[in-house]
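Residues take their numbers from the sequence shown, with the count starting at 1.
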Amino acid sequence: MPRTELLISDCDGVIVDSEIISHRVLFESLSAHVPAQALEAALEAALEGTFGLTTPSIIDLIEKRFDLQLGADFESDLRRLTEQRVAAEAQPIAHVREALIAIDLPLAVASNSRRHNVEASLRRAGLAERIAGNIFSADMVAAPKPAPDVYLLAAERMGVAPGHCIVIEDSPTGVLAARTAGMRVIGFTGASHIPEGHDRALRELGVSAVVGDMRELHSAIAGLMTSA
């Protein structure tokens with residue numbers, strides 16, 4: 001087993017409980033454009049499993065699914081409203097600050113959100129000092145998750161080989177990105193948006209462990225670091 005030199009965490013759904021808010025805003029915004037008869041079940045089904053994707057990817061999916069043209073301003077309006085609601089409503093994941101401070105590894109964040117949003121979330125969680133500016137975001141790479149780019153950038157900038165990194169992720173999108181980058185992954189299932197059976201879905205994607213409570217994180221990482 002390679003030695004572990006760097007811990008990389010996702011942000012939304014791992015550090016702050018923001019995905020449920022983003023999903024709610026997206027549903028409310030799209031509901032004005034999706035035919036009424038399709039609104040409830042069909043729109044929910046279309047959005048299921050999209051957490052972790054970038055906003056343009058989700059909009060493209062919805063436009064194709066419902067044969068829509070949402071207009072040039074839809075994405076910018078949605079981003080502005082989502083940022084406002086997340087800033088006003090999102091709370092840190094329970095025990096995340098204590099968990100990440102207690103782990104004796106360098107720590108970076110790799111996110112599909114834009115950098116200024118990640119910075120605001122880290123301040124809200126009391127982790128800005130712990131991260132020490134080691135933030136890698138979708139606007140810093142050519143392709144966001146599920147491409148491995150943001151994780152590979154984090155490893156490169158931190159001077160660590162990908163195989164020596166452990167990642168904490170909540171979404172299939174993020175797990176695929178980290179696994180493609182050659183990193184070991186711990187799945188997190190303790191955020192409000194996580195559906196039933198999500199732990200099984202993450203295991204099927206190759207995560208090394210799953211935790212549902214941040215108080216379990218230290219022992220999960222210790223297990224990966226010592227396992228043969």
Side-chain angles (χ1 to χ4, degrees), residues 8-31 43-62 74-75 77-97 99-100 109-127 131 135-139 144-147 150-151 167-178 185-203 205 207 210-214 216-217:
I8 309 176
S9 179
D10 182 35
C11 185
D12 296 294
V14 176
I15 291 176
V16 289
D17 201 1
S18 54
E19 290 284 9
I20 191 72
I21 299 169
S22 298
H23 181 93
R24 190 179 302 127
V25 174
L26 178 62
F27 186 92
E28 292 168 358
S29 299
L30 288 171
S31 65
L43 183 52
E44 281 288 359
L47 293 176
E48 184 176 355
T50 59
F51 66 87
L53 294 178
T54 61
T55 298
S57 297
I58 297 174
I59 291 173
D60 182 61
L61 181 154
I62 294 297
F74 183 86
E75 181 183 342
D77 290 345
L78 176 64
R79 178 181 291 116
R80 175 181 49 78
L81 181 58
T82 300
E83 290 178 355
Q84 290 174 349
R85 291 275 293 274
V86 167
E89 302 173 24
Q91 297 298 314
I93 293 290
H95 311 292
V96 68
R97 183 176 185 275
L100 293 179
V109 168
S111 173
N112 260 3
S113 292
R114 295 188 294 174
R115 184 182 179 95
H116 71 276
N117 293 324
V118 178
E119 290 172 342
S121 294
L122 294 176
R123 289 193 297 269
R124 188 174 301 116
L127 285 164
I131 302 298
I135 298 169
F136 305 93
S137 52
D139 47 345
K145 305 174 191 177
V150 71
Y151 279 116
V167 168
I168 313 166
E169 267 287 357
D170 65 310
S171 72
T173 301
V175 171
L176 286 171
V185 185
I186 294 174
F188 178 67
T189 60
S192 300
H193 67 286
I194 298 296
E196 184 177 352
H198 191 61
D199 57 333
R200 294 192 298 275
L202 295 184
R203 290 186 189 280
L205 291 173
V207 299
V210 175
V211 298
D213 189 309
M214 277 294 166
E216 303 167 359
L217 184 61

Please tell me if the side chains of [X] and [Y] come closer than 4.5 Å, counting only heavy atoms from C-beta onward.
X    : Y    : value
F188 : I93  : yes
V16  : C11  : yes
T82  : R79  : no
L100 : L217 : yes
V109 : I15  : yes
L176 : L205 : yes
V150 : S111 : no
L81  : S29  : yes

Reported [atom1]-to-[atom2] distance for the pair [X] and [Y], which is rounded to 0.5 angstrom:
X    : Y    : atom1 : atom2 : value
I135 : S113 : CD1   : OG    : 11.0 Å
R115 : D139 : CZ    : CG    : 8.5 Å
I194 : E19  : CD1   : CD    : 8.0 Å

[X] versus [Y], closest heavy-atom pair with distance:
X    : Y    : result
G212 : T189 : CA-OG1, 3.4 Å
S18  : A90  : CB-CB, 4.1 Å
S171 : L202 : C-CD2, 4.2 Å
R114 : S137 : C-CB, 4.1 Å

Would you call E28-R24 a salt bridge at under 4.0 Å N-O? no

Given 3.5 Å as the limit, does a donor-acceptor pair link the side chain of H198 with the main chain of D170, or not? yes

Counting only N and O atoms by type, is there a donor-acceptor contact under 3.5 Å from the side chain of N112 to the main-chain atoms of K145? yes

CA sep, side-chain torsions, deciding dist, call: D77, R80, side-chain contact (heavy atoms from CB on, under 4.5 Å): CA-CA 5 Å; D77 290 345; R80 175 181 49 78; 3.7 Å; yes

Take V14 and M214, measure what side-chain contact (heavy atoms from CB on, under 4.5 Å) needs, and give me the verdict at the end. CA-CA 9 Å; V14 176; M214 277 294 166; 3.7 Å; yes

Within a 6.0 Å radius of atom CZ on R97, are there more than 12 heavy atoms belonging to other residues, nucleotides or ligands? no

Would D17 and S192 count as having a side-chain donor-acceptor pair, cut-off 3.5 Å? yes

